[in-house]
Every structure is written in C-alpha cells, then in structure tokens.
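Presented below is the structure to which this report refers.
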Amino acid sequence: MNNLTDFSQPQRQSLPGIFVMFANTLQKSVRAFWPILLIWLVKFDSLDKLVFFGIVAGVVILIGIISYLQYHFFTFHIDNKNQEFVIQKGIINKTRITIQLHKIQQVNINQSIIQRLVGVYKLEIDTAGSDKKEASISAISHDLATILKDRLIHHSQLENNDLIITNQEENAPTSLIKIGLSSLIKIGFTSNYVKSFALLFLFFSTIIENLRQLSDSTQINEDQVTNFLDKLPMLTSIAIVIFSIIGLVMAVNLVRTIVKYFNFTIQKSRQAIILTYGLITTKSTLLNPNKVQQLKITQNYFQKQFNVTTIEINQASSNLEKVKEKDKLQIPGCTAGERDAILTLLFGQLPIKEISYLPNWRKLAINTFFLMIVPILIVLFLNRKTEFVTWTDLSIYVSLFIVFSGLLLWFSYKNYRLSVSKDFIIKQNGAWDIENTIVEPNKIQAITTQQFFWQKATNIGSVTLSTAGGNINFTTGNYSEIKTLVNYWLYQLDTTNKNWM
Amino acid sequence: MTKFINENIEINELPNFEEVQLNPLQSKYFNVIAINLSLFNFLILILFFVFSYFKEDLFSNRVWMIMGIAISILISFSYPLAKLSFNNKGFAFRTHDAIYKEGLISETTTIIPFNRVQHVALHQGFISRKLGLASIELFTAGGSSSDIEIPGLQLEQAQKIKNLVSQKINPTLDTNETDPTAPVILRI
C-alpha cells in the first residue's frame with residue numbers, strides 16, 4: 001500500500017483542486033455582488049477603464065490567494081483508531097468534521113463541468129441529516145475517490161454482512177393494494193382546493209398578461225364578458241362566476257390526481273415495498289419500512305363520507321431544508337381498510353391513541369387575537385383613513401369573516417391534540433383537512449422544549465420532536481405534562497434497541 | 001400517574017431532565033460575545049453618523065435626534081441583555097444524552113440522546129482561539145433546527161467532550177465485539 005492510498009495520514013486534495021475552489025469562490029462572489037456588477041456593466045462607458053480593470057484584477061488575485069489557502073488548509077484522513085473519517089478545513093475559522101465510519105450511508109462520486117475541465121471528481125458523503133456541503137471533498141482523482149469510497153463503504157458495512165446475505169434471497173413481489181379509479185376520482189373532487197386554485201389563478205393571470213401584451217383586442221373580449229354579466233341579475237352573475245371557478249378547480253384537481261396517480265399499486269417484496277403509479281409516465285418507487293420516519297394521514301369531512309383518505313410518508317432525508325420529493329410519498333385515496341393494511345405493513349401494528357393531551361384554552365385565545373381580531377382592526381383602521389367601502393358593506397364583510405374564521409379557529413383548536421402510547425406519538429391538527437401525523441418514539445432524533453417567560457406562571461410550554469423526516473410540535477400545552485412526556489421519551493430512546501433506520 | 005404502569009416503570013420516577021444541574025459557559029466567553037456585540041454596535045454607529053452627515057436632508061433634525069437617542073438606548077441596553085442571556089445558557093452531559101438550554105424571552109432546552117448523534121464538530125473562531133476557547137456542535141439526522149452548538153468551552157474541555165461523545169456514539173471503539181446497540185444500516 002503506497003503512501004497515496006494510505007488514508008490514515010491527513011492529506012490534501014489533488015492539486016487541480018485549487019482551480020475548482022477558485023471557480024467556486026469566483027462564482028459565489030459574482031453571485032453575491034451581481035447587482036454592483038450589473039450597474040458597472042450598464043455604466044461601462046463612463047467608467048475609468050484603468051480603475052475598473054485594476055479592481056477586477058485585484059479581486060481575481062485575492063480570490064486566487066483565498067483558493068490556495070483553502071486548498072492548503074483542507075485535509076482529510078481516516079482515523080483508524082477512532083473509526084472516523086476526518087476533514088479539517090478553514091483559513092481563519094478552523095473546522096474539524098468527524099464522521100463515524102459506520103454512520104456513513106452513501107458515498108457519491110460526481111463531476112461538474114468545472115471539475116471535468118481539470119479532470120477531478122467530487123466525493124460526497126451522505127450521513128442522513130448532516131449538511132451535504134460539510135462532508136464533501138471537491139477535488140479528488142477518480143482512482144483515489146474509488147479507493148476511498150470502497151474503504152468508507154467497506155467499513156460501514158462490516159457489521160451488516162449477515163443482513164445483506166439474508167436479503168439476497170429474493171421473493172417475487174406480491175401485489176398487495178391497488179387503488180381503484182373511483183377512489184382517485186373521489187380524492188380528486190375533495191382535496192387540494194387551495195393548491196389547484198392557486199395553479200389556476202397563476203395560469204390565467206399569466207395567460208391574460210400575455211394576451212394583453214400581444215394585442216389590445218382582448219380588451220373587447222373582456223368588455224363582452226362584463227357586458228354579458230352586467231345584463232344578468234347581480235346574484236346570478238356572482239353565482240355563475242363562483243360556480244365556474246369551483247368547477248374549474250375541481251376539473252383541474254381531478255385531472256391532476258388521475259394523471260399523477262393512475263393505477264396506483266403497492267407491492268411487497270422481501271425487503272422493500274414497491275409503489276407504482278402514473279398515467280403518462282409510470283413512476284416506481286422503492287420504500288423501505290425502516291426508512292419511514294413520519295406518516296401523515298389526511299382526511300376532511302367529504303372524504304370521510306366517501307371513505308377515502310390520503311397517506312403521506314416521509315422517509316429519512318439527507319437534506320432536511322429541502323426535503324426531496326423522492327423522500328416524500330403520497331398514497332391517495334385509500335379506504336379505511338387499505339389504510340389499516342398500509343399502516344400494519346409499515347409499523348407492524350395499528351397505531352392507537354392511548355392518552356390524549358389537549359392544548360390550553362389560551363391557544364384559542366391567542367390564535368383568535370392574531371388571526372381574527374388584529375386583521376379586523378387593521379381593516380377598520382384602513383377604512384377609517386381611506387373609506388374604500390361603505391361602513392354598512394364593511395360590517396357585512398366583517399361579520400362574514402368573523403363567522404368563517406371563528407369556525408376555522410374553533411375547529412383547529414378542537415382538533416389539536418397529541419396522543420401518546422407506548423409505541424406511537426400521534427399529533428392531530430387541522431380545521432377542515434384533519435391531519436394525523438404518526439411518529440414512532442424510536443425515530444426521534446432530538447427533543448426541544450420551549451417556554452416564553454410569561455408562560456412560566458401559567459405552566460404552559462411547547463415541545464418539538466425532530467425526526468429525520470421532519471419535525472412535529474405541540475404548542476401551548478401543560479408544561480409539566482410535556483416534561484413528563486419528554487422524560488418518558490428519553491427513557492424509551494435510551495433503553496430501546498430499535499434503531500431509527 | 002399510573003398511565004404507563006403496564007410497562008412496569010413508574011413514569012414519575014424517571015430521571016428528570018429539568019432537575020439536572022446545568023454547567024455555565026466559561027466566563028471568558030462573555031468577552032467574545034462582548035467584542036462581537038461591540039463590533040456590531042460600532043458598525044451601526046458609523047452607519048448612523050455617515051448617513052446623518054452626508055444625507056442630512058433624509059429626515060428632519062427632530063427625527064435624527066430621536067433616532068440617535070433610540071440607537072444609544074438600544075446600544076446601552078444590548079450589553080446587560082447579552083450578559084443576562086449569557087448567564088441563562090447552560091449545558092450538561094448525562095450518561096445517555098446531551099442537554100443545552102438557552103434563551104431569555106423564549107427559553108428552549110434541546111436534548112439529544114448520544115445514540116442519535118451523527119457526528120461531532122469542534123469549532124474555534126478567531127477571537128475564541130486567542131482566548132483558548134472552542135465550541136462543540138452535535139449533529140443529528142433531525143436537521144439543523146435540532147443540532148446543538150455549545151459555545152464557550154475550554155479547548156481541552158471541548159476536546160474531552162468531543163472524544164467522550166465520539167466514544168459514546170461509536171461503542172465498537174473499545175470492544176472489538178460488535179455491540180448489539182450499534183446502528184445497523186439497511187441498504188436497498
């Protein structure tokens with residue numbers, strides 16, 4: 001084993017790495033200063049050329065020096081004694097990143113255009129949850145990268161050999177659940193109103209905008225439409241507009257749901273669950289029950305009557321800030337029986353709600369204040385200043401708003417609860433679409449309790465449970481109960497031999 | 001409470017994370033905070049003076065005076081506030097988890113069990129390095145909101161903590177036999 005492939009000593013990246021870092025830093029600086037650059041470009045003729053090029057040259061040299069220093073201070077090695085992969089970097093602020101070898105899940109070797117130019121590769125280490133940028137080597141030769149990858153993966157798999165062998169014997173996938181067209185139609189009619197409305201709104205506003213730019217002839221069309229509506233009685237025209245919007249939203253919803261989820265099938269093979277769906281392009285996703293971190297069941301009143309529900313599955317994601325689409329799976333339109341089958345498949349048992357914790361009544365009061373009273377006061381104040389509607393009209397709107405938002409607030413308060421049993425934590429929330437988020441205690445990564453100083457007297461507080469598939473939080477609850485729960489969950493985490501993945 | 005009795009544990013007898021005596025940060029670390037805060041305040045003062053000198057017409061004299069008074073009040077209050085919030089920070093390492101508490105208005109306590117720590121990082125800022133201080137950051141798979149960074153530790157202490165946590169999260173270090181609790185990563 002020569003010196004190059006012996007990773008026990010700290011070593012630098014390959015020399016062309018300076019160029020890669022230079023390009024990266026340059027790109028970052030340009031991105032940060034583009035408004036100034038733009039102004040300079042516009043005013044290019046009036047600028048002193050000497051000063052301009054002097055500044056540019058100075059910046060380029062500075063970036064060059066920074067890149068060299070970055071290269072110089074960036075080292076990586078495998079600490080065989082502690083079984084860690086270590087990266088040290090930083091010019092002024094030194095950072096030392098250590099990653100347990102057995103925590104490494106994936107090692108990727110990529111190449112960007114800049115890296116292709118100088119013939120180096122990027123090695124990224126994925127440990128589920130950590131920031132990707134923190135554990136990556138941006139310039140490494142392909143041979144070295146492959147050896148390092150083997151070394152890292154080999155270490156992390158040493159103890160899992162038995163598992164891998166037992167997984168070799170493959171069973172033919174057995175079909176488990178198939179979601180019929182009727183369920184999809186039901187779901188299409190009863191969900192995602194807001195999303196489809198926004199889509200529709202966006203679509204029409206762009207089209208109208210484009211048409212306006214094309215010609216003024218649309219002006220006539222618009223007039224024709226308004227004329228037509230003007231001829232009808234007031235209420236009828238409003239009804240026509242509202243019903244056509246509702247009809248369009250539903251149609252869009254229906255088409256979207258069917259195109260996306262047509263022929264949704266869940267199959268089970270020995271080690272994973274396979275989901276296949278789609279009308280035009282068939283998607284196939286593998287789902288590993290061990291990777292499931294959170295499960296969300298959503299149902300509204302209509303869907304309850306139709307006996308359909310949507311299940312969303314969050315898997316462990318390596319980048320939580322933008323949870324990747326592939327880590328979020330939706331199973332639309334399950335019946336109660338299918339839902340239970342999926343839950344049993346994923347959890348091995350049906351989640352039960354043993355003890356429920358309700359929020360304090362102050363939650364309702366605070367929400368009412370901020371979401372109902374404050375907006376009304378703002379509108380009243382504005383109307384006093386500008387009188388944009390008459391006061392009688394305003395009182396009608398305000399009372400409508402009070403009824404509507406009051407109902408929403410009341411139901412979202414009524415539905416808000418945290419249920420805890422030995423094997424499950426279920427948070428329920430939502431006013432119309434009622435969501436139930438299910439987490440197993442052993443999937444918790446960290447627990448945060450939070451209390452404002454004025455809540456101390458009333459013994460109110462919040463708790464947030466972080467998992468690799470997103471957080472769940474319960475706010476304005478009894479703080480002593482929350483603390484008891486936290487102690488219980490910590491106890492479970494310390495004593496459980498179940499892993500989170 | 002007899003709610004969890006079927007599991008044969010009394011929930012009220014579980015170790016209570018609230019009763020743990022938290023360690024304060026190194027008092028030297030307040031210097032770092034004070035220097036950073038002073039730099040920031042200085043910058044704001046300079047901005048204020050530059051604007052009030054070169055762009056005098058922007059506001060009336062009255063408004064300038066009010067702004068000046070407000071800024072000086074804010075600056076003079078920022079130090080006691082920083083001190084209070086510094087005093088409020090605390091950390092503890094138990095057998096199975098790390099606890100970090102902070103916040104003046106909103107008090108948050110974050111607890112990370114060691115068997116959920118992905119990796120540990122030791123940071124040293126420019127001023128901290130001069131004072132021999134370091135900070136420890138614990139990363140979990142729960143995203144950046146649940147990571148904890150404990151600042152203001154003696155460098156040796158920080159290194160000790162780092163080794164301790166590394167050892168806790170990698171029990172194969174001491175014993176060559178595979179630990180049954182060591183994470184098993186399943187691959188598809």
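Values reported hereafter were calculated over all heavy atoms of this structure, with side chains retained and with hydrogens, waters and symmetry mates removed. The chains referred to below are lettered A, B, ... by the order of the sequence lines, with proteins before strands, and numbering in each begins at 1.
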Which answer fits [X], side chain, backbone, both or neither, if we ask what part of it has an atom under 4.5 Å from a heavy atom of chain A?
| X | answer |
| --- | --- |
| B:Asn16 | both |
| B:Ile148 | neither |
| B:Lys101 | neither |

Which one of A:Asp494, A:Thr464, A:Val463 has the most heavy-atom pairs closer than 4.5 Å to chain B?
-> A:Asp494
Without hydrogens or angle criteria, can the side chains of A:Glu84 and B:Ser166 be said to hold a donor-acceptor pair below 3.5 Å?
-> yes
Does the side chain of A:Gln450 pick up a donor-acceptor pair with the side chain of B:Ser106 at under 3.5 Å?
-> yes
So do the side chains of [X] and [Y] get within less than 4.5 Å of each other, counting heavy atoms only?
| X | Y | answer |
| --- | --- | --- |
| A:Arg96 | B:Gln124 | no |
| B:Arg94 | A:Leu490 | yes |
| A:Ile97 | B:His119 | yes |

Do any N or O atoms from the side chain of [X] and from the backbone of [Y] form a donor-acceptor pair under 3.5 angstrom?
| X | Y | result |
| --- | --- | --- |
| B:Arg129 | A:Lys94 | no |
| A:Asn487 | B:Phe17 | yes |
| A:Thr98 | B:Val120 | yes |
| B:Asn115 | A:Leu493 | yes |

A:Ser466 to B:Gly142 - nearest heavy-atom pair and separation = CB-O, 4.0 Å
B:Phe126 to A:Asn93 - nearest heavy-atom pair and separation | N-OD1, 3.4 Å
Exactly one candidate in A:Asn442, A:Ile444, A:Thr467, A:Ile447 meets side chain to side chain contact (heavy atoms under 4.5 Å, CB included) with B:Arg116; the answer is A:Asn442
Steps toward side chain to side chain contact (heavy atoms under 4.5 Å, CB included) verdict (A:Trp454, B:Ile105) | CA-CA 8 Å; A:Trp454 61 83; B:Ile105 295 165; 3.9 Å; yes
Taking atom [atom1] of [X] as the centre, does the number of heavy atoms from other residues, nucleotides or ligands within less than 6.0 Å exceed 12?
| X | atom1 | value |
| --- | --- | --- |
| B:Leu84 | CG | yes |
| B:Met65 | CE | no |
| B:Lys83 | NZ | yes |

Under the side chain to side chain contact (heavy atoms under 4.5 Å, CB included) criterion, do B:Glu107 and A:Lys456 qualify, and how do the steps go?
-> CA-CA 10 Å; B:Glu107 198 180 278; A:Lys456 279 183 183 161; 3.0 Å; yes
Interface check, chain A: of B:Thr110, B:Asn163, B:Ile112, B:Thr109, most non-hydrogen pairs under 4.5 Å belong to B:Thr109
Yes or no on side chain to side chain contact (heavy atoms under 4.5 Å, CB included) for B:Ile111 and A:Val486, after CA distance, side-chain angles and deciding distance?
-> CA-CA 9 Å; B:Ile111 307 156; A:Val486 170; 3.8 Å; yes
Spacing of CG belonging to B:Leu14 relative to CH2 belonging to A:Trp489, to within rounding of 0.5 Å | 13.0 Å
